**Q** 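First the structure, which I've put down as structure tokens, then a few questions once you've had a look.
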Amino acid sequence: MTFQVTQKRDAARIGMLTTRHGALTTPFFMPDATRASVRGLTNAQLRSVGVVPMVVNTYHLLLQPGMDLVRGAGGIHNFMQWDGPLLSDSGGYQVYSLIHKNAALGKITEDGAVFKSVLDGRTHVLTPEKAIRIQFDLGVDMMVMLDDPRPNDATRTVFEDAVERTIRWAQRCKDEYDRHVAARDMDEASRPLLFGVVQGGPFADLRARCAHALHAIGCDGYGFGGRHVDMDGRLMEEIITHTAASITPDAPRFALGIGTPSDIVRCHAVGWDLFDCVIPTREGRHGRLFVYTHTDHAQMHSAPDDFYHTINIANAQYRQDFSPIDPTCTCYACTNHTRAYIQHLFRVGEPLGAQLAALHNLRFFVRLMEMLQHLSIEPRHNT
RNA sequence: GCGACUAUAGUUCAGCGGUUAGAACAUCGGUUUGUGGUACCGAGGAUCUGGGUUCGAUUCCCAGUAGUCGCC
């Protein structure tokens, strides 16, 4: 096993996850490089703000550029020229999301996810076996089993079906994974880490059932699947807490798609270790910037909504604001440019604005994780 | 100086003798949670001036003013 918890405080923990492309201190955050790039940013820029691991997506890369090309490039690391750890998402959530928005685009069957390519209309079938094979072809350090997410407002019966199917698919994923490890002559150090995904919607017993079944199958890590926010966009903290508790403390816990900075703080507090989210990059592109109001570790946990705020850089109040986005930030945008200038870039539609905004937000998230990585050794502030 | 054409939102344009005059862009604000997203949602904002015809004029007529083009 390549995960070691080094410090604990209550359910929160700090650990070390070893991958083929280096060791990572947990908790950590992975930006989404869905199509083998973090939109608009160069590798050098990503490194400059402290990004190390990233997430790529099986679904998107399968469609474009296709696996023949990735294999020809010598794997996804070589293709992207990124030497940090890479995790690939299985594509299950993307197909679910696609179908949920437009049922005509595909369907989920017992065999796998059937969908039409948005590029050429051809039909693809993403089976558990294929999802694993693709991720081996990508050559990532961490891979995710194909799962069966459902919308939050589905009935208990629907979630029961989703859990059972996710478990059946997990076994197929594991069998396929074992075949590849054997066929490729991989050992404990060279094999990628395999993450199962715990489904079950808002039902704690279904989450526990799913987690226990995945443990029996055997994964390196376990993820929280499905949507983790309620209909009002609020984090479903109780179910996230229960789900973490139903996963062995010996394995890394991956909170897929989480989240806002306050969501990440809350999830880490209840035992989650890995995070990925589009928020810093997408919201940055749309002009929302994250700013620390203070960086007191104790207050981060006691008031997880109050240690930062966001600004919409396009708002009129920043037109003549010649201060940096965040005076405590060391990113290129904050050390070289003013809010007024970045607003100007947004107003004239200059892509550099979105680029600087995403860069800053990523620095904010990396800093957040750096703070959480020291949280447990800070003196406890009892109230 | 003469003639033609034009005059509606900040801008470029629709429109109609009769509810609340539309759009795009711009402005102001919001949304975004395992990225079909240079995306999406909402708000504020206008009939050049003065007469006339008419039950009723932003619309039709006249004059003025302004602009564009053309001609001397």
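The figures here come from the full heavy-atom set of this structure, side chains too, leaving out hydrogens, waters and symmetry mates. Order of the sequence lines sets the chain letters (A, B, ...), proteins ahead of strands, with each chain counted from 1. Every value quoted in this text rests on a predicted model; they were computed, and no experiment measured them.
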**Q** For RNA chain B, produce a single dot-bracket line, 5' to 3'. Pairs: Watson-Crick or G-U wobble, both distances under 3.5 Å. Symbols: ( ) within strand, [ ] crossing, | other strand, . unpaired.
**A** (((((((..((((....[...)))).(((((.......)))))....(((((..]....)))))))))))).
**Q** Between G67(B) and U11(B), how far is it from one P atom to the other, in whole Å?
**A**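 It comes out at 15 Å once rounded to the nearest Å.
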**Q** G34(B) P sits how many Å from F195(A) CZ, rounded?
**A**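 My rounded result for the distance is 17 Å.
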**Q** Measuring only the P atom in each nucleotide, how far is U12(B) from G51(B)? A whole number of Å is fine.
**A**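 Result for the P pair: 28 Å, nearest Å.
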**Q** Over all strands shown, is G233(A) touching base, sugar-phosphate only, or nothing at heavy-atom distances under 4.0 angstrom?
**A**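 Base contact - G233(A) has a heavy atom under 4.0 Å of at least one base atom.
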**Q** Phosphate oxygens OP1/OP2 of G30(B): is one of them under 4.0 Å from a side-chain N or O of N315(A)?
**A**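 For N315(A), the contact criterion (side-chain N or O under 4.0 Å from OP1 or OP2 of G30(B)) is met.
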**Q** D263(A) near the nucleic acid: base, sugar-phosphate alone, or nothing, with a heavy-atom cut-off under 4.0 Å?
**A**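 If one applies the 4.0 Å heavy-atom cut-off, D263(A) turns out to touch a base.
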**Q** Take atom CZ of F346(A) and atom C1' of U27(B), then tell me their distance rounded to the nearest Å.
**A**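 Nearest whole value for this atom pair: 18 Å.
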**Q** Over all strands shown, is V55(A) touching base, sugar-phosphate only, or nothing at heavy-atom distances under 4.0 angstrom?
**A**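 Nothing: the residue V55(A), judged by heavy atoms under 4.0 Å, touches no strand.
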**Q** Given the P atoms of G18(B) and U59(B), what is the spacing between them in whole Å?
**A**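 11 Å, rounded to whole Å.
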**Q** Would you kindly give the CG-to-C1' distance between N102(A) and G36(B), to the nearest whole Å?
**A**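 My rounded result for the distance is 11 Å.
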**Q** Base, sugar-phosphate, or nothing: which does A354(A) touch, judged by heavy atoms less than 4.0 Å apart?
**A**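 It contacts nothing in the nucleic acid.
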**Q** Is there a ring pair (Phe, Tyr, Trp, His ring centres under 6.0 Å) between F115(A) and H124(A) once you walk through the steps?
**A** CA-CA 5 Å; F115(A) 61 94; H124(A) 294 256; 5.4 Å; yes
**Q** Ignoring hydrogens and geometry, is there a side-chain-to-backbone donor-acceptor pair from D32(A) to T34(A) under 3.5 Å?
**A**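 Such a contact is absent between D32(A) side chain and T34(A) backbone.
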**Q** Looking for any heavy atom pair under 4.0 Å, which part of the strands does Q199(A) touch: base, sugar-phosphate only, or nothing?
**A**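 Base: the residue Q199(A), judged by heavy atoms under 4.0 Å, touches a nucleobase.
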**Q** With side chains defined as the heavy atoms from C-beta onward, is the minimum distance between W272(A) and R266(A) less than 4.5 Å?
**A**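 Contact flag for W272(A)/R266(A) side chains = no.
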**Q** Would you please indicate yes or no on a ring centroid separation below 6.0 angstrom for H180(A) and F136(A)?
**A**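 Aromatic pair counts; centres sit under 6.0 Å.
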**Q** Quick one, I76(A) and W82(A) - any side-chain contact, counting heavy atoms below 4.5 Å?
**A**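 The answer is no, as the side chains (C-beta and beyond) never meet within the 4.5 Å cut-off.
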**Q** I'd like to know whether M371(A) forms a side chain to side chain contact (heavy atoms under 4.5 Å, CB included) with Y292(A), so could you lay out the CA-CA distance, the side-chain angles of the two residues, the decisive distance to 0.1 Å, and finally the verdict.
**A** CA-CA 12 Å; M371(A) 286 187 273; Y292(A) 282 102; 3.3 Å; yes
**Q** Over how many whole Å does the gap from R35(A) atom CZ to G36(B) atom P extend?
**A**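 R35(A) atom CZ is separated from G36(B) atom P by 8 Å.
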**Q** What pairs of nitrogen or oxygen atoms, one from the protein and one from nucleotides 38-45 of chain B, lie under 3.5 Å apart?
**A**
from	atom 1	to	atom 2	distance (Å)
A39(B)	N7	H286(A)	NE2	3.4

**Q** Do F203(A) and R209(A) have side chains that approach each other closer than 4.5 Å (heavy atoms only, starting at C-beta)?
**A**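 They are not in side-chain contact.
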**Q** How far, in whole Å, is C55(B) from C62(B) if one measures between their C1' atoms?
**A**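 Taking atom C1' in both C62(B) and C55(B), they lie 22 Å apart.
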**Q** Any side-chain N or O of R319(A) below 4.0 angstrom from OP1/OP2 of C28(B)?
**A**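 So the side-chain polar atoms of R319(A) do come within 4.0 Å of the phosphate oxygens OP1 or OP2 of C28(B), strictly under.
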**Q** For residues G196(A) and L214(A), report the shortest heavy-atom separation together with the two atoms involved.
**A**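 Heavy atoms only, the tightest pair is C-CD1, 4.1 Å.
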**Q** I need the CG-P distance between N152(A) and G34(B), as an integer number of Å.
**A**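 Checked: the CG to P distance equals 13 Å.
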**Q** Step through it carefully: locate the ring centre of F254(A), locate the ring centre of Y222(A), and say whether they are under 6.0 Å apart.
**A**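 Here the rings of Y222(A) and F254(A) have centres that are no less than 6.0 Å from each other.
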**Q** Using a heavy-atom cut-off of 4.0 Å across all strands, would you classify H228(A) as base, sugar-phosphate, or nothing?
**A**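 Counting heavy atoms under 4.0 Å across all strands, the contact made by H228(A) includes a base.
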**Q** Would you please confirm or rule out a distance under 4.0 Å between OP1 or OP2 of U27(B) and any side-chain N or O of R347(A)?
**A**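 Looking at the OP1 and OP2 atoms of U27(B), one of them is under 4.0 Å from a side-chain N or O of R347(A).
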**Q** Using the P atom as the point on both nucleotides, what is the distance between C60(B) and G17(B), in whole Å?
**A**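 Pairwise P distance, G17(B) against C60(B), rounds to 9 Å.
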**Q** Round to the nearest Å and state the distance from L256(A) atom CG to G34(B) atom C1'.
**A**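 Nearest whole value for this atom pair: 4 Å.
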**Q** If the P atom of G15(B) is compared with that of U54(B), how far apart are they to the nearest Å?
**A**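 Those two atoms are separated by 28 Å.
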**Q** Round to a whole Å and report the spacing from CD1 of I279(A) to C1' of G37(B).
**A**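 That distance rounds to 14 Å.
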**Q** Taking atom P in both A46(B) and G56(B), compute the distance separating them and give it to the nearest angstrom.
**A**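 It comes out at 26 Å once rounded to the nearest Å.
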**Q** What about the rings of F275(A) and F365(A), do their centers lie closer together than 6.0 Å?
**A**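 No, too far apart.
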**Q** Measure from the side chain of P149(A), starting at C-beta and using heavy atoms only, and say which of C28(B), G36(B), G34(B) lies closest.
**A**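 Nearest to the side-chain atoms of P149(A), counting from C-beta on, is G34(B).
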**Q** Taking atom types as modelled and ignoring hydrogens, do the side chains of T328(A) and R367(A) form a donor-acceptor contact shorter than 3.5 angstrom?
**A**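 Yes, side-chain donor-acceptor contact under 3.5 Å.
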**Q** Without decimals, in angstroms, what is the distance between H100(A) NE2 and G36(B) P?
**A**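 The distance from NE2 of H100(A) to P of G36(B) comes to 13 Å, rounded to the nearest Å.
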**Q** Have a look at L105(A) and say if it touches a base, only the backbone sugar-phosphate, or nothing, with a 4.0 Å heavy-atom cut-off.
**A**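 Base, at least one base heavy atom under 4.0 Å.
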**Q** In whole Å, what separates the C1' atom of C25(B) from that of U68(B)?
**A**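 23 Å, rounded to whole Å.
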